[in-house]
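First comes the structure, then the notes that go with it.
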Amino acid sequence: MDSQCSSSVGNINSTPISARIESYEGEKKCISDVRRTFCLFVTFDLLFVTLLWIIELNVNGGIQEQLRKEVLEYDYHQSFFDIFLLAVFRFAALILAYAVCKLRHWWAIAITTTITTGFLIVKVVVSKLLSQGAFGYLLPILSFILAWIETWLLDFKVLPQEAGDEIRYLSVQNALDREPLLYPGPVSEGQFYSPPESMADSDEDLDDKHDLEKPIV
């Protein structure tokens, strides 16, 4: 009975810890929720810049005509095609680094953000985009903002949360390893055995009792 109770107590206490460890190991095999959100935002960056570029092509005289001018007859000072390619570069590099290779360092996004920032600053200063209407402002500014939001999201959300999850996982695993020491085994009947009193001790106790019962003269 005691062994059944102690084993059931051990099972009750170990079940939640084991479930948490299995859950974390499952996330490590696939991808964490916060990293999935980051990859989704990187995809949104590419789709949003692509949509803006398509709208710009359609507004300025038709998609086919503008594609010929901006892609086939590329001019660094007037074309938005390089900003679109910059978004494709960010998407390919970040998805490869943080979704496929599952890096846990900031160096990949530091490279993409540095290249994006430097290219856009030079593009705005040297080119004539600002004279081409609203899209001359929107595409460079939004590309700049999206690149830095990705940097903030990875550096302040993804990496710290995953590091905290790993620390909690190690602490729970250590607690699970120490668990057999915390719960003693079943208690045997021998631990409560007390030897019978000797006959000499019993005779001495009876003599003391008779002495106390004698009347005092």
Heavy-atom donor-acceptor pair, Ser79 side chain to Tyr76 backbone, under 3.5 Å: no
Throw together a table of side-chain donor-acceptor distances under 3.5 angstrom for residues 148-157, partners on residues two or more places apart or in other chains.
from	atom 1	to	atom 2	distance (Å)
Trp148	NE1	Thr117	OG1	3.1
Thr151	OG1	Thr113	OG1	2.6
Thr151	OG1	Ala147	O	3.1

With sequence neighbours excluded, residues passing salt bridge (Lys or Arg N to Asp or Glu O under 4.0 Å) with Arg68: Glu65, Glu73
If you look only at distance, which donor and acceptor atoms sit under 3.5 Å apart when one is on a side chain in residues 47-54 and the other is two or more places apart or in another chain?
from	atom 1	to	atom 2	distance (Å)
Thr50	OG1	Leu46	O	2.7
Trp53	NE1	Glu70	OE1	2.9

Val100: partners by side chain to side chain contact (heavy atoms under 4.5 Å, CB included), with sequence neighbours left out: Leu96
Phe38: partners by ring pair (Phe, Tyr, Trp, His ring centres under 6.0 Å), with sequence neighbours left out: Tyr98
Contacts of type side chain to side chain contact (heavy atoms under 4.5 Å, CB included), residue Tyr137, not counting sequence neighbours: Leu130, Ile141
Closest contact, heavy atoms only, Arg104 versus Glu166: NH1-OE1, 3.1 Å
Summary of side-chain hydrogen bond (donor to acceptor under 3.5 Å, both in side chains) pairs that have at least one residue in residues 118-128, sequence neighbours excluded: Asp82-Lys123
Verify same cluster id: Phe84, Leu72 (apolar side-chain graph, 4.5 Å): no
Partner set under side chain to side chain contact (heavy atoms under 4.5 Å, CB included) for Asn60, not counting sequence neighbours: Glu56, Gln66
Sequence neighbours excluded, every pair satisfying side-chain hydrogen bond (donor to acceptor under 3.5 Å, both in side chains) that has a member inside residues 36-45: Asp33-Arg36, Asp45-Arg90
Reported CG-to-CZ distance for the pair Asp75 and Phe81, which is rounded to 0.5 angstrom: 13.5 Å
Separation of Thr116 OG1 from Ile109 CD1 (nearest 0.5 Å): 9.5 Å
Exercise: identify the closest heavy-atom pair between Ala108 and Leu103: CB-CD1, 4.3 Å
Members besides Leu40 in its Ile/Leu/Val/Met/Phe/Trp/Tyr cluster (side-chain heavy atoms under 4.5 Å): none
Ser143/Leu120 under side chain to side chain contact (heavy atoms under 4.5 Å, CB included): CA gap, chis, key distance, verdict: CA-CA 8 Å; Ser143 296; Leu120 290 175; 3.8 Å; yes
Phe91 reachable from Ile31 in the ILVMFWY side-chain graph, under 4.5 Å edges: no
Residues Phe44, Leu146; criterion side chain to side chain contact (heavy atoms under 4.5 Å, CB included); working and verdict: CA-CA 9 Å; Phe44 167 77; Leu146 290 173; 4.2 Å; yes
Sequence-distant partners of Lys69, salt bridge (Lys or Arg N to Asp or Glu O under 4.0 Å), two or more places apart: none
Side chain to side chain contact (heavy atoms under 4.5 Å, CB included) assessment of Cys39 paired with Ile95: CA-CA 6 Å; Cys39 295; Ile95 292 297; 3.9 Å; yes
Pair Ile55-Phe135, side chain to side chain contact (heavy atoms under 4.5 Å, CB included): steps then yes or no: CA-CA 9 Å; Ile55 294 174; Phe135 287 99; 3.4 Å; yes
By side chain to side chain contact (heavy atoms under 4.5 Å, CB included) - contacts of Leu138 (at least two apart): Leu142
Phe41 with Ile111, same ILVMFWY side-chain cluster at under 4.5 Å: yes
